[in-house]
Amino acid sequence: MTTATTNQAEAPLLSGRHGLGRDLAGLAVILVLAVIGYLLFPNNLALLTRIIAIALLVLSLDLVTGYCGVATLGHAALFGSGAYAAGIAAVHFGITDPLLMVAAGIIGGALAGLVCGVVILRAHGLPQLVLSIALIHLFHEFANKASSWTGGSDGLAGIAPDPLFGIFAYDLWGRTAYVFAVVLLAIVFMFLRLVVRSPFGMLCRGIKEDPIRIRAMGGSPTIALLKMYVISGAVAGVGGALNAVSTQVVGLDSLSFTLSAESLVMLVLGGTGSLFGAVAGTIVFMLFEDLVSAANPFHWLTMVGALLIAVVLFAPKGLYGTVAEVLARRRGAGR
């Protein structure tokens with residue numbers, strides 16, 4: 001009896017240690033990949049910084065789609081809101097400190113997440129997709145019409161971020177922007193690992209599996225999902241602000257339906273319901289897209305389409321999800 005009680009008491013501790021180990025391992029992988037990317041593409045750091053910004057968008061999408069089961073094709077509205085919030089803060093209010101611009105992006109993305117969440121969560125299934133598509137078009141059109149603030153179709157230019165911490169200037173090679181992006185990704189990744197493993201994160205997973213049971217237990221699925229939507233918006237806002245800081249311009253493409261659809265494709269490619277899968281899918285898709293578009297400018301979309309079809313047919317859980325499942329089976333067989 002005492003032994004059983006002791007084992008039950010030790011189980012959460014062991015689980016916590018295992019989770020912490022995976023968190024640290026994931027952080028280590030991100031940092032190692034960042035170093036490898038810097039060494040392999042020293043003259044194309046702008047592409048790597050763009051990949052990190054989009055990875056933050058895909059991570060935010062994974063929160064609401066992978067962990068909560070909310071269908072959306074308009075998540076770029078949160079990313080673009082963060083980008084425009086950072087850009088407007090710099091151009092119209094003289095807030096050019098990179099950290100303050102990121103803070104503005106977080107606020108803008110979180111507010112957009114609140115608005116989108118209130119609208120989208122009123123429906124389920126296909127109606128959710130329709131509402132999300134309508135929202136991304138509304139956000140896009142609003143940014144286009146508010147040209148005195150956003151620059152309209154010409155984009156919001158003139159963003160000139162100050163040196164980071166007053167020391168590291170944003171050079172032409174993009175080194176400062178890249179290091180800044182890697183640090184932001186590492187911080188956000190660790191934060192999200194804590195969120196998805198917290199009781200709140202487990203509640204959201206339960207809502208995805210059986211919202212009726214959660215409601216019967218006294219929980220409020222709508223409030224929980226809305227909170228996650230706000231967190232998702234804040235994360236997407238970080239990505240948008242990073243994109244504004246690194247490129248020093250914000251265009252309407254940051255609020256495009258195409259970006260929303262591509263982010264969903266990247267998530268499916270890597271594996272939904274996994275932060276590691278979201279990052280992996282973004283890296284694979286964007287690097288593959290850059291490689292094949294340079295190798296064959298006329299038929300690169302065909303090759304990208306073939307890759308996606310192959311992954312969906314032969315790795316339905318995504319690249320990371322399938323690899324993780326195979327490794328888990330081998331570990332189980334070896335015991």
Side-chain angles (χ1 to χ4, degrees), residues 22 26 29-30 32-34 36-37 40-41 44 47-79 128-129 132-133 136 181 185 188-189 192-193 196 205 208 232 235-236 239-240 242-243 253-254 256-296 299-329:
R22 289 195 63 186
V29 169
I30 290 175
V32 169
L33 289 177
I36 293 175
L40 292 179
F41 305 99
N44 202 6
L47 171 63
L48 300 184
T49 305
R50 171 71 175 174
I51 290 176
I52 293 175
I54 300 301
L56 290 168
L57 169 60
V58 179
L59 282 170
S60 71
L61 176 61
D62 197 22
L63 291 179
V64 298
T65 300
Y67 287 94
C68 298
V70 178
T72 173
L73 276 171
H75 220 65
L78 284 58
F79 179 86
Q128 278 186 337
L129 288 177
S132 66
I133 294 172
I136 187 62
L185 177 61
V188 170
F189 183 85
L192 294 185
R193 286 290 295 172
V196 299
R205 293 190 190 194
K208 176 185 176 182
S232 174
V235 173
L242 171 62
N243 193 61
D253 59 327
S254 62
S256 67
F257 173 76
T258 300
L259 180 59
S260 294
E262 286 185 348
S263 64
L264 183 59
V265 169
M266 295 177 208
L267 179 59
V268 174
L269 180 64
T272 59
S274 168
L275 300 180
F276 297 103
V279 175
T282 306
I283 294 173
V284 171
F285 180 88
M286 295 195 68
L287 286 181
F288 184 79
E289 182 183 56
D290 182 73
L291 177 65
V292 298
S293 62
N296 193 329
H299 303 289
W300 66 275
L301 281 174
T302 302
M303 289 182 277
V304 171
L307 170 66
L308 297 177
I309 292 174
V311 170
V312 171
L313 292 179
F314 300 105
K317 292 186 177 181
L319 296 175
Y320 175 81
T322 301
V323 171
E325 184 180 35
V326 170
L327 294 178
R329 287 180 179 176

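Reckoned from all heavy atoms, side chains included, excluding hydrogens, waters and symmetry mates. Just so you know, residue 1 is the first one in the sequence shown, and it goes up from there.
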To the nearest 0.5 Å, tell me how far I283 CD1 sits from L33 CG. 5.5 Å
What one should report as the nearest heavy-atom pair of L78 and A236 is CB-CB, 3.7 Å
Judged by atom type as modelled, is there a donor-acceptor pair below 3.5 Å linking the side chain of S232 to the main-chain atoms of S60? yes
Taking all heavy atoms of G239 and all of A53, pick out the closest pair and write down the distance. O-CB, 3.6 Å
Gap between atom CG of L264 and atom CG of L73 - 0.5 Å precision: 5.5 Å
Would you find a donor on one side and an acceptor on the other, under 3.5 Å apart, between the side chain of T65 and the backbone of V70? yes
With sequence neighbours left out, the residues meeting ring pair (Phe, Tyr, Trp, His ring centres under 6.0 Å) with F189 are F276
Check whether T282 reaches the backbone of A278 with its side chain - one donor and one acceptor, N or O, closer than 3.5 Å. yes
Kindly indicate, with the supporting measurements, whether the criterion side chain to side chain contact (heavy atoms under 4.5 Å, CB included) is fulfilled by L47 and F41. CA-CA 9 Å; L47 171 63; F41 305 99; 5.8 Å; no
Just by modelled atom types, is the L267 backbone N or O under 3.5 Å from a matching donor or acceptor in the D62 side chain? no
Let me confirm one number: the CG-OG distance from L61 to S260, rounded to the nearest 0.5 Å. 8.5 Å
Not counting sequence neighbours, which residues clear salt bridge (Lys or Arg N to Asp or Glu O under 4.0 Å) with K317? List them please. E325
Contact list for residues 64-75, test salt bridge (charged side-chain N to carboxylate O under 4.0 Å, His left out), sequence neighbours left out: none
Can you tell me how far NE2 of H75 sits from CG of L63, rounded to the nearest 0.5 angstrom? 7.5 Å
Working to the nearest 0.5 angstrom, can you tell me the gap between F285 CZ and L308 CG? 6.0 Å
Identify the heavy atoms of I136 and A77 that sit nearest to each other, and give their distance. CD1-N, 3.3 Å
Smallest heavy-atom separation, A181 atom then T49 atom, equals CB-CG2, 4.0 Å
Is there a donor-acceptor pair closer than 3.5 Å between any side-chain N or O of S293 and the backbone N or O of D290? yes
Stepwise side chain to side chain contact (heavy atoms under 4.5 Å, CB included) check, V292 with T302: CA-CA 10 Å; V292 298; T302 302; over 6 Å; no
With rounding to the nearest 0.5 angstrom, report the CD1 to CZ distance, I54 to F79. 4.0 Å
Could you walk me through whether N243 and R50 pass side chain to side chain contact (heavy atoms under 4.5 Å, CB included), step by step? CA-CA 7 Å; N243 193 61; R50 171 71 175 174; 3.1 Å; yes
